[in-house]
Protein chains: 2
Amino acid sequence: MTDKTYQYTHPHPAVTTDIVIFTVQDDSLKLLLIQRGVEPFKGQWALPGGFINMDEDLDHAAARELEEETGVCDVYLEQFKTWGAPKRDPRERVITVAYFAIIPSDKITLAAGSDADNVQWFDYQKLPALAFDHADIVKQAHETLVDKLKRTTVVIQFLPEEFTLTQLQRIHEIILNEDIDKRNFRKWVESLDYIQATGKKETGSAHRPAMLYTATTPDNIQPAKWGKRENKAVAKVDDETRQVIHRQGYNEGLEAAMKQLKGLRK
Amino acid sequence: MTDKTYQYTHPHPAVTTDIVIFTVQDDSLKLLLIQRGVEPFKGQWALPGGFINMDEDLDHAAARELEEETGVCDVYLEQFKTWGAPKRDPRERVITVAYFAIIPSDKITLAAGSDADNVQWFDYQKLPALAFDHADIVKQAHETLVDKLKRTTVVIQFLPEEFTLTQLQRIHEIILNEDIDKRNFRKWVESLDYIQATGKKETGSAHRPAMLYTATTPDNIQPAKWGKRENKAVAKVDDETRQVIHRQGYNEGLEAAMKQLKGLRK
DNA sequence: TCAAAAGTGTTGACCTTACACCCATGT
DNA sequence: ACATGGGTGTAAGGTCAACACTTTTGA
C-alpha cells in the first residue's frame, strides 16, 4: 500500500468504529480505555476503535476491534450513535460509528490480560480526560446503558451464564447508583419468564447458598424493566436494535490482542 | 473539481445521510420518496439524501438535504441508525447515516410544491419497491416512530402549533393503527403539563368548536406515553438523542428545492 | 451458636381500562 | 330542530412502593 493509492472524484471522510466497553468489577462500573501513543492527543486516554475495512460490515468492524482490544468476542455489542463533527479529529474528517459493549465479569480476566501495557479499566466515576470528543461519546453510551437497564434485561450480559439474584440486583444498583428493595426486585424477576432458576445452588459462601438463575432466551435480551417510574412513560422495546454479535471462537482473540497492543489505533 | 482529485493513503468510503420523512396526510401516514434518474436502481423510488459536505456536521447535512428536498426546515429531525453493509451500493462503499423527520401537516403544502417532478408522498401501507437497502431503513424508521409515539410526545410534531385533542388522538390512532378511547386519551393529555389549552377555540366547524391546545416546551418533545402496555417495561426516555434541528429561515428552501429536483442525488 | 446473606407477604396508593351520555355550535 | 363532533365521570382490576422478619448455611 503506497502513498495516495486511493483516489476519488469527491472528498471522502475516514470512517471508524469506536467502542465503549463496559464491565462491572469490584462493585463498580468500569470502562476500557487505551492510551494514545501518537499525536494528536498523545498520552491521553481514548476509546478503543479503528478504521473499518472496506469489505466488512460496521457490526463486524466493531466486533473485530473489540476482539483485538480485549480478546473477547461473543459479547453484547450494539451500535448507538454516529459522530461526525467536522473538526473532531484535527487530522482529517473522521466519521465514527459508536458502539457499546458489555463484558461479563467472568470474561474480564481475559480483558485484564490485555492490561499489560497501555490498556486499562477505569472506574466510570473517575475517568481521565479523554481524547477527541470521546467524553461525549462515553456520556451518551452511559445514558443508553441506563435507559436499557430500565427497559430491558440486557444487563444480564454483565453476569456469567449462571448468576444469583443478588448479583443481578447489585448490577442494577451499581448502574443506577441507588438502592433497590430486595423483595420488590425479586417479584419483578419472578414476573419475567426468561429468567429462570436452574435448581442449582451457589457453593463456597460462608452463609446460606443462593439459588442460581439463568436467562433462557439465546440472547438474554428481553423487554421488561423494574424500578421507580421516572415519569408516566410506558415502553415498548425496540427489538431491532438489539443484538448480540456473535463471532466464531472466543479465545483466539487473545493472541491478536497482545500483538495489537504494541501497535496503536487511530 | 477534476477527476481523482481526492487522494488518500487508505481506502475511504463515501458517507451520505438519508432521511425518512414522515407526515400525516389524508388520515394516513405518508413518507416522501424520490425517483432515481440514474443507475443503479434507475426509475426506482428511494429515500432522499445525499453526500455529506466535508465541512458540515451530520445533523447539518441531514437538515440541508431535507430542506433541499422539501423546502422545509425547523422540523423534528433525529439520527437513528447508520448502515454500512459492504455491497449496499454497487458502485462504491457507502456508509449512510439515517435520519427520520416529522413534517407537520400545515407545512406539507410546501413539500407538495416539490412534488412537481419525481418526488412524491407515499402511503406507508403502500410503498413501492425501494432502491438499495432503503426498505430496511424505512422499516427501522417506522419502528423507531412507533416506539417514540409510545414513550414520548414527539408526534405533536405532526401537528401545527395549535391543535385539537381529536387531531392528536387521530395521529396516535393512525400510527398505532388502532382505536383509542377518547376519555382515557384526554385524561392522559391532562396529566401532562407540557400540553396545555390555549383558551382559543377552533372556528369554522359545523359542530361544537374544539379547544385548541399547544405544547409548552420549546421542542414539543417530552417523555410520557399513553396506551396499552405491551409488556411490563417502564421507560425512561433518553433526552440526549432527541432534538429539533433548527435552521435559519423556513421558506428559503423552496427555491433550492426546485433547483435540486432537476439534479439527482445519490 | 453466631454471623451473614438468602429468602419471603401484605397493604395502601395510584394508574389503567372499560364504558355511555350530555353539550355547543352551524346549518 | 337536528346533525356533528366535543366534552366529561366512575368503578373494578392491576401494578407499584414501602415495609421487617425468618431461614439456611459455614465457620
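Note that these values count all heavy atoms, side chains included, but never hydrogens, waters or copies made by symmetry.
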(request) Before accepting this row, confirm whether a basic side-chain N of the pair A:R170/A:E173 lies closer than 4.0 Å to the acidic partner's carboxylate O. (result) yes
(message) Between P on C:dA18 and CG on B:D179, what's the gap in Å once rounded to a whole number?
(response) 12 Å
(message) So, does B:R186 get its side chain near the phosphate of D:dG7, meaning an N or O under 4.0 Å from OP1 or OP2?
(response) yes
(request) Specify whether A:F100 and A:Y76 have parallel, tilted or perpendicular ring planes, treating 30° as the upper limit for parallel and 60° as the lower limit for perpendicular. (result) tilted
(message) Quick one, A:F80 and A:Q140 - any side-chain contact, counting heavy atoms below 4.5 Å?
(response) yes
(message) Students often mix this up, so state it plainly: with edges at 30° and 60°, are the rings of A:W45 and A:F122 parallel, tilted or perpendicular?
(response) perpendicular
(message) Which nucleotide wins on minimum distance to the side chain of A:K187, given the candidates C:dC19, C:dT10, C:dT25?
(response) C:dT10
(request) Map A:A206 and A:E190 onto DNA chain C by nearest heavy atom, then report which one ends up closer to the 5' terminus. (result) A:A206
(message) Looking only at the side chain of B:R183 (C-beta and beyond, no hydrogens), which of the listed nucleotides D:dT8, C:dA4, D:dG6 gets closest?
(response) D:dT8
(request) Please tell me which of the listed nucleotides, C:dA6, D:dT8, D:dA18, lies nearest to the side chain of B:K182? (result) D:dT8
(message) Please give me every residue in residues 163-171 of chain A whose heavy atoms get under 4.0 Å of an atom in DNA chain C, ordered by residue number.
(response) A:T166
(message) Do A:L77 and A:I19 have side chains that approach each other closer than 4.5 Å (heavy atoms only, starting at C-beta)?
(response) yes
(request) Return the nearest nucleotide to the side chain of B:R208; candidates are D:dA20, D:dG7, C:dT27. (result) D:dG7
(request) Return the nearest nucleotide to the side chain of B:A210; candidates are C:dC19, D:dG6, D:dT25. (result) D:dG6
(request) Verify the ring-centre separation between A:H172 and A:W188: is it less than 6.0 angstrom? (result) yes
